[in-house]
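Reviewing the structure listed below.
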Amino acid sequence: MFVSDFRKEFYEVVQSQRVLLFVASDVDALCACKILQALFQCDHVQYTLVPVSGWQELETAFLEHKEQFHYFVLINCGANVDLLDILQPDEEAVFFVCDTHRPVNVVNVYNEAQIKLLIKQDDDLEVPAYDDIFRDDEEEEAEEHSGSESDNGSEPSEKRTRLEEEVVAQTMKRRQRREWEARRRDILFDYEQYEYHGTSSAMVMFDLAWMMSKDLNDMLWWAIVGLTGQWVQDKITQMKYVTDVGILQRHVSRHNHRNEDEEHALSVDCTRISFEYDLRLALYQHWSLHDSLCNTCYTAARFKLWSVHGQKRLQEFLADVGSNLDKLYHGLELAKKQLRATQQTIASCLCTNLVISQGPFLYCSLMEGTPDIVLFSKPASLSLLSRHLLKSFVFSTKNRRCKLLPLVMAAPLSVEQGTVTVVGIPPETDSSDRKNFFGRAFEKAAEGTNSRTLHNHFDLSVIELKAEDRSKFLDALVSLLS
């Protein structure tokens with residue numbers, strides 16, 4: 001069920017309890033966790049923190065700790081699956097779920113005893129009505145048996161007539177039942193077919209801190225980072241980002257307002273945040289402008305930097321703006337390595353025509369031995385590469401139809417186990433709502449071909465697949481989406 005009063009129905013409930021936190025490994029989840037930890041430390045709430053990167057780790061950790069805790073908090077995991085079915089907890093266990101993954105599983109929505117959803121209902125959730133997806137079978141069985149029990153003592157002709165009426169009534173009920181089940185399947189399909197993301201969990205936790213008058217500048221900064229993480233990873237639309245930035249901007253003004261006499265003074269917690277417009281270039285505060293432009297998805301795709309002509313255009317552009325190409329900034333070397341590897345891999349894929357059309361979608365597979373392949377074995381890195389590759393492909397191709405297609409990308413995961421990671425990315429269009437239909441499509445393709453897959457990632461559009469099952473899995477996916 002959705003929690004309406006986060007303070008009373010969540011925080012005050014766990015404040016005097018021992019709590020187990022399960023936290024996913026994405027940026028927004030980590031920021032939300034930092035805010036909640038600060039609140040717990042302020043109020044001396046006892047808690048244990050367990051990071052989890054997938055469903056297997058979540059199940060294992062829950063089995064290990066379930067006897068020691070009554071209350072569990074899940075951050076950016078658990079909302080989009082039937083949580084009780086996966087974890088099989090005792091009836092006393094209560095789960096508070098703060099998760100951006102959408103759609104929210106309907107069983108979680110209508111379970112009032114054990115599932116408490118810390119999710120803003122102003123998000124466009126569109127949850128189906130209870131009566132459209134749940135039906136009380138016990139009452140129907142009782143009605144069916146009640147008629148036959150009341151026939152005792154009746155005349156044979158009356159029994160025949162009543163029996164005929166009951167047969168007609170039961171036939172009608174079975175027909176209505178089939179019609180209801182068909183409508184239910186259609187409703188659930190429409191509701192579950194697209195995967196997308198809602199309001200940042202870090203923003204949700206900051207809102208809780210603000211409601212309790214315990215919000216600090218540090219917490220506000222974590223909320224900003226959490227939202228920014230969603231934006232740079234293309235998890236939310238530009239409209240959603242602009243709306244949420246506006247909310248945070250008001251908090252920035254409230255926390256960091258000062259008059260001229262206080263201009264050089266520090267705030268109470270020695271942190272000051274200012275709201276400024278900035279360029280969306282990768283690490284350009286820590287890099288040269290040249291390297292930032294080369295390793296930012298949008299500019300690399302616009303300039304077509306995988307080509308000699310594109311490199312020349314970039315040099316001309318930098319000359320026009322009077323850039324000093326020798327000026328370097330020192331910064332986050334690991335992030336730089338990841339971005340460089342991403343752009344180099346994109347250039348390799350485009351120049352060797354690895355992106356091919358499979359009909360309803362584009363497909364690209366990285367081979368074992370590809371430079372920096374280890375960096376892309378993780379789902380988050382492969383998803384980032386896939387999004388950037390699709391954007392670059394859209395700018396490079398002259399085929400109008402291909403510009404509107406989604407992308408499926410595969411990369412080696414384990415040579416010993418013969419597995420690959422497969423991700424699905426929605427089409428790259430200006431009007432894209434960031435909704436991803438590949439989660440359900442992957443599931444159906446795997447079921448229809450008995451492909452050996454592991455749906456271990458919290459994003460349903462990421463799976464692990466046996467390499468030898470790849471051909472039949474892709475054939476089924478093509479058939480399903482055609």
Side-chain angles (χ1 to χ4, degrees), residues 24 52-60 77-78 80-83 85-88 101-103 105 185 188-196 345 349 354-370 373-374 376-387 389-390 405-427 435-482:
V52 289
S53 61
W55 297 116
Q56 286 185 335
E57 288 187 9
L58 178 61
E59 292 178 49
T60 302
C77 55
N80 58 342
V81 297
D82 185 346
L83 196 57
D85 182 58
I86 286 181
L87 299 181
Q88 298 292 316
H101 291 94
R102 304 288 185 272
N105 185 274
R185 284 193 298 271
L188 286 178
F189 177 80
D190 290 340
Y191 176 65
E192 296 176 343
Q193 65 175 323
Y194 293 110
E195 182 184 12
Y196 61 104
T345 305
C349 290
L354 284 183
V355 182
I356 58 176
S357 173
Q358 292 279 26
F361 59 87
L362 301 170
Y363 176 69
C364 180
S365 177
L366 298 182
M367 297 294 103
E368 188 65 39
T370 301
I373 191 64
V374 176
F376 303 114
S377 62
K378 300 296 183 183
S381 300
L382 186 59
S383 296
L384 179 68
L385 171 64
S386 302
R387 287 194 298 271
L389 175 60
L390 181 57
L405 294 179
L407 172 67
V408 174
M409 192 164 190
L413 177 62
S414 170
V415 178
E416 294 78 14
Q417 298 179 10
T419 56
V420 295
T421 300
V422 180
V423 302
I425 303 297
K435 291 188 175 182
N436 194 331
F437 55 81
F438 276 114
R440 300 302 172 192
F442 284 172
E443 186 179 317
K444 289 183 178 296
E447 289 176 356
T449 57
N450 293 320
S451 296
R452 290 162 292 178
T453 59
L454 179 61
H455 299 258
N456 186 42
H457 201 261
F458 296 133
D459 286 323
L460 301 180
S461 56
V462 180
I463 63 168
E464 297 174 18
L465 172 70
K466 280 288 186 181
E468 57 193 50
D469 292 340
R470 178 166 23 185
S471 294
K472 65 178 182 180
F473 174 81
L474 289 174
D475 289 343
L477 195 60
V478 169
S479 176
L480 187 67
L481 298 178
S482 295

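Heads up: numbering here begins at 1 and tracks the sequence. What's counted below: heavy atoms across the whole structure, side chains too, no hydrogens, waters or symmetry copies. Only a predicted model underlies this, so the values are computations on that prediction, with no experimental measurement involved.
The side-chain heavy atoms of His457 and Ile463, taken from C-beta on, include no pair separated by under 4.5 Å. Looking at heavy atoms from C-beta onward, Phe361 lies in side-chain contact with Tyr363 at the 4.5 angstrom threshold. Put simply, the side chain of Val355 reaches to within 4.5 Å of the side chain of Leu389, judged on heavy atoms. For the pair Ser383/Val462, a side-chain contact is recorded, criterion being any heavy-atom separation below 4.5 Å from C-beta on. By the 4.5 Å heavy-atom criterion applied to side chains, Leu382 and Ser377 are not counted as neighbours. His455 has its side chain out of reach of Glu464: every pair of non-hydrogen atoms, C-beta onward, lies at least 4.5 Å apart. The shortest distance between side-chain heavy atoms of Asn436 and Tyr196 does not fall below 4.5 Å. The shortest side-chain heavy-atom distance between Val478 and Pro360 falls under the 4.5 Å cut-off.
At distances below 3.5 Å, not a single donor-acceptor pair connects side-chain atoms of Lys378 with backbone N or O atoms of Leu413. The backbone N or O of Asp85 sits less than 3.5 Å from a side-chain atom of Gln88, completing a donor-acceptor pair. One N or O on the side chain of Thr449 and one on the backbone of Ala445 form a donor-acceptor pair closer than 3.5 Å. Using modelled atom types, one side-chain atom of Glu195 and one backbone atom of Ser461 make a donor-acceptor pair closer than 3.5 Å. Side chain of Ser479 to main chain of Asp475: no donor-acceptor pair is present (N/O by atom type, distance under 3.5 Å, no hydrogens or angles).
Remark: Leu474 CG to Leu480 CG distance equals 12.5 Å, nearest 0.5 Å. Taking OG of Ser414 as the reference point, atom NZ of Lys466 lies at 8.0 Å (rounded to 0.5 Å). To the nearest 0.5 Å, atoms OG1 (Thr419) and CG (Leu454) are separated by 9.0 Å. Here the CD1 atom belonging to Ile425 is positioned 5.0 Å from the OG atom belonging to Ser386, to the nearest 0.5 angstrom. In this structure, Arg102 CZ and Asn80 CG are separated by 9.5 Å, a value rounded to the nearest 0.5 Å. The distance from the OG1 atom of Thr421 to the CG atom of Leu465 is 9.5 Å, given to the nearest 0.5 Å.
In plain terms, the two heavy atoms of Val81 and Asn105 that are nearest each other are O-CB, 3.4 Å. Closest heavy-atom contact between Val52 and Glu57: CA-OE1, 3.4 Å. Counting all heavy atoms, side chain and backbone alike, Ala467 lies closest to Val420 at CB-CG1, 4.2 Å. Nearest heavy-atom pair, Phe376 versus Ser381, reported as atom, atom and distance to 0.1 Å: CD2-O, 3.9 Å. The nearest pair of heavy atoms linking Asn456 to Gln56 is OD1-N, 2.7 Å. Contact between Leu407 and Phe438 at its shortest, heavy atoms only, is O-CE1, 3.9 Å.
By the neighbour-count criterion of 12 heavy atoms within 6.0 Å, atom NZ of Lys472 is densely surrounded, having more than that number from other residues, nucleotides or ligands. In this structure, Tyr194 places its OH atom where only 12 or fewer heavy-atom neighbours from other residues, nucleotides or ligands lie under 6.0 Å away.
Classified by interplanar angle (parallel below 30°, tilted 30° to 60°, perpendicular above 60°), the ring pair Phe442/Phe473 is tilted.
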**Request:** Using the side chain to side chain contact (heavy atoms under 4.5 Å, CB included) rule, take Val408 and Val422 through it: C-alpha gap first, then chi angles, then the decisive distance, then the call.
**Result:** CA-CA 7 Å; Val408 174; Val422 180; 3.7 Å; yes

**Request:** For Cys364 and Leu390, run side chain to side chain contact (heavy atoms under 4.5 Å, CB included): C-alpha distance rounded to whole Å, both residues' side-chain angles, the deciding distance at 0.1 Å, then the answer.
**Result:** CA-CA 10 Å; Cys364 180; Leu390 181 57; over 6 Å; no

**Request:** I would like to know whether Ser365 and Arg470 meet side-chain hydrogen bond (donor to acceptor under 3.5 Å, both in side chains); could you show each step before the answer?
**Result:** CA-CA 11 Å; Ser365 177; Arg470 178 166 23 185; 2.8 Å; yes

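We find that Glu443 and Arg440 are joined by a salt bridge, their nearest charged nitrogen and carboxylate oxygen being less than 4.0 Å apart.
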